[in-house]
Amino acid sequence: MAAADELAFHEFEEASDLLAETPDAATTSGSNQLTPQGHVAVAVDSGGSYGAEEEVEESDRTALLQEEKQQPGFWTFGYYQSFFDVDTSQVLDRIRGSLLPRPGHNFVRHHLRNRPDLYGPFWICATLAFVLAVTGNLTLVLAQRRDPSIHYSPQFHKVTVAGVTIYCYVWLVPLALWAFLRWRKGVRERMGPYTFLETVCVYGYSLFVFIPTVVLWLIPVPWLQWLFGGLALALSAASLVFTLWPVVREDTRLVAAVLLSTVVLLHALLAVGCKFYFFQPLPLAHPAPPTQAASLSPDLPPPPTSSAHTT
Amino acid sequence: MAEAAESSGDPGTTSPRPLFAGLSDISISQDIPVEGEITIPMRSHIREFDSSTLNESVQNTIMRDLKAVGKKFMHVLYPRKSNTLLRDWDLWGPLILCVTLALMLQRSSIDSEKDGGPQFAEVFVIVWFGAVTITLNSKLLGGNISFFQSLCVLGYCILPLTVAMLVCRLVLLAEPGPINFVVRFFVVIVMFAWSIVASTAFLADSQPPNRKALAIYPVFLFYFVISWMILTFTPQ
């Protein structure tokens, strides 16, 4: 039937551009009959091929959309519940979208579709903080097996440091970015700036690629560690840049270049800082670094210079 | 049954009948089960209004609460889909377990300030704030479990990990070595899996099916962190 073609889900470029221009337009969330992957379907009028019941459903849907526009106040529980209105498939889809950035594919428009969530950023940051602390401790365990003079300790304070660093990064940097983009809003005609939550979402999901990277950093081969780190940083920064590019494109070249390079630089600082703090380059055949020496308790074997000769 | 079909089949062809005349002929079909059980949710409240608990001895009061806690421990150790943990929730069990775990995990005072294991307060905060965060997450995702019920389940399901901590402490009294570590690792992994299975059996039903994984993952992370603290515990 000819109607079968109309029922298939098409990826409309114009629709996502429409969304870009009117970011406040509410869209219907994916119902299982229309889009099995959980994509959000734009309410496109599919012609007069349906009966009278469809008209009733349409009017119901518009009434529902109008109800959705009245957001509950920020002191109610329902307000925060609207940020967690995601399904498992949607979260997985967003994670996949951040892992594979494509130049034309804007993460905010194609994956978030004006429904940013806080679940992804919050739990990705929590996972990353704990994974950093755990694998950092694991490298110490592995190093101690190679070189028994290194003092092993659980280093529980690193969990606190990791948590605070990552949560501050994912909240303060998007705040600064959002404030800056809103300040420059007057220069842009075509595309409205992202909301604060969408920026937090982009940053949160872009950190996901560091989780497997940190686990791979357990392998004690230095050039391999730098390779993985570089790859992860490239993927993550690319995802950020491709998302921000349509917004800064209409600005002056200088501002766009400075903004994008600042974003990439901060991201690189985070990655390198984590690498150095949690994975202190431990020795293979020469004495332990000075920070380890400071934590050695006094009753341990003589200074590590002698172990350099034995290994 | 045939009567009912006939009487409702031809309402207008025969002579005019009084209103609702056919209702008396309708009988319930044999193959629609009409049985079930009615549970009265206010049962525990009714018990409290009974004034005789004011006059009973202290031993009776304490033993009653201890028996309730013990019964819930049994439900955690042999997890089946039952509602006992949810219906009669209490927070004594989680408190006992958390304090025991934190006491066993805290580093000794001669250890250095910066580099050792967690302090008592750190373990306590992680357990309680972790449980609160998971509960809030579950409620924000739209689960229909109450706040304290969820805290109760998460707290009680720490029991296998507390047992693992006891076993690890005993094993650490023996000489250190790779076998020592392998035994502790194995015990912690088994108890970690047990905790996850137990809490999933109680919590999974409260979420709609398309969000179950989103609600279960933080529980997994929570018990993973506690297992990590137990595994890396080194006595000084």
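All values derive from a computational prediction rather than experimental measurement. In what follows, every chain begins at residue 1, and chains take the letters A, B, ... in the order their sequences are listed.
Judged purely by atom type and a 3.5 angstrom limit, A/Gln81 uses its side chain to pair as donor or acceptor with the backbone of B/Lys139.
Remark: B/Leu136 CG to A/Tyr80 OH distance equals 11.5 Å, nearest 0.5 Å. Atoms CD and CZ, on A/Gln90 and B/Arg211 in that order, are 8.0 Å from each other to the nearest 0.5 Å. Within the model, atoms CG of A/Asn137 and CH2 of B/Trp228 stand 5.0 Å from one another, a figure rounded to the nearest 0.5 Å. Taking OG1 of A/Thr160 as the reference point, atom CD1 of B/Ile126 lies at 7.5 Å (rounded to 0.5 Å). Atoms CG and CG, on B/Leu140 and A/Asp117 in that order, are 12.0 Å from each other to the nearest 0.5 Å.
With a threshold of 4.5 angstrom between heavy atoms, A/Val91 approaches chain B through side-chain atoms but not through N, CA, C or O. If you measure heavy-atom distances from A/Val86 to chain B, the contacts under 4.5 Å come from both the backbone and the side chain.
Nearest heavy-atom pair, B/Asn137 versus A/Trp123, reported as atom, atom and distance to 0.1 Å: OD1-NE1, 3.1 Å. Across A/Thr88 and B/Asn210, no two heavy atoms sit closer than the pair OG1-O, 2.8 Å.
In terms of heavy-atom pairs under 4.5 Å with chain B, the best-connected choice from A/Phe122, A/Phe130, A/Phe84 is A/Phe84.
Atom CZ of B/Phe120 has more than 12 heavy atoms from other residues, nucleotides or ligands within 6.0 Å.
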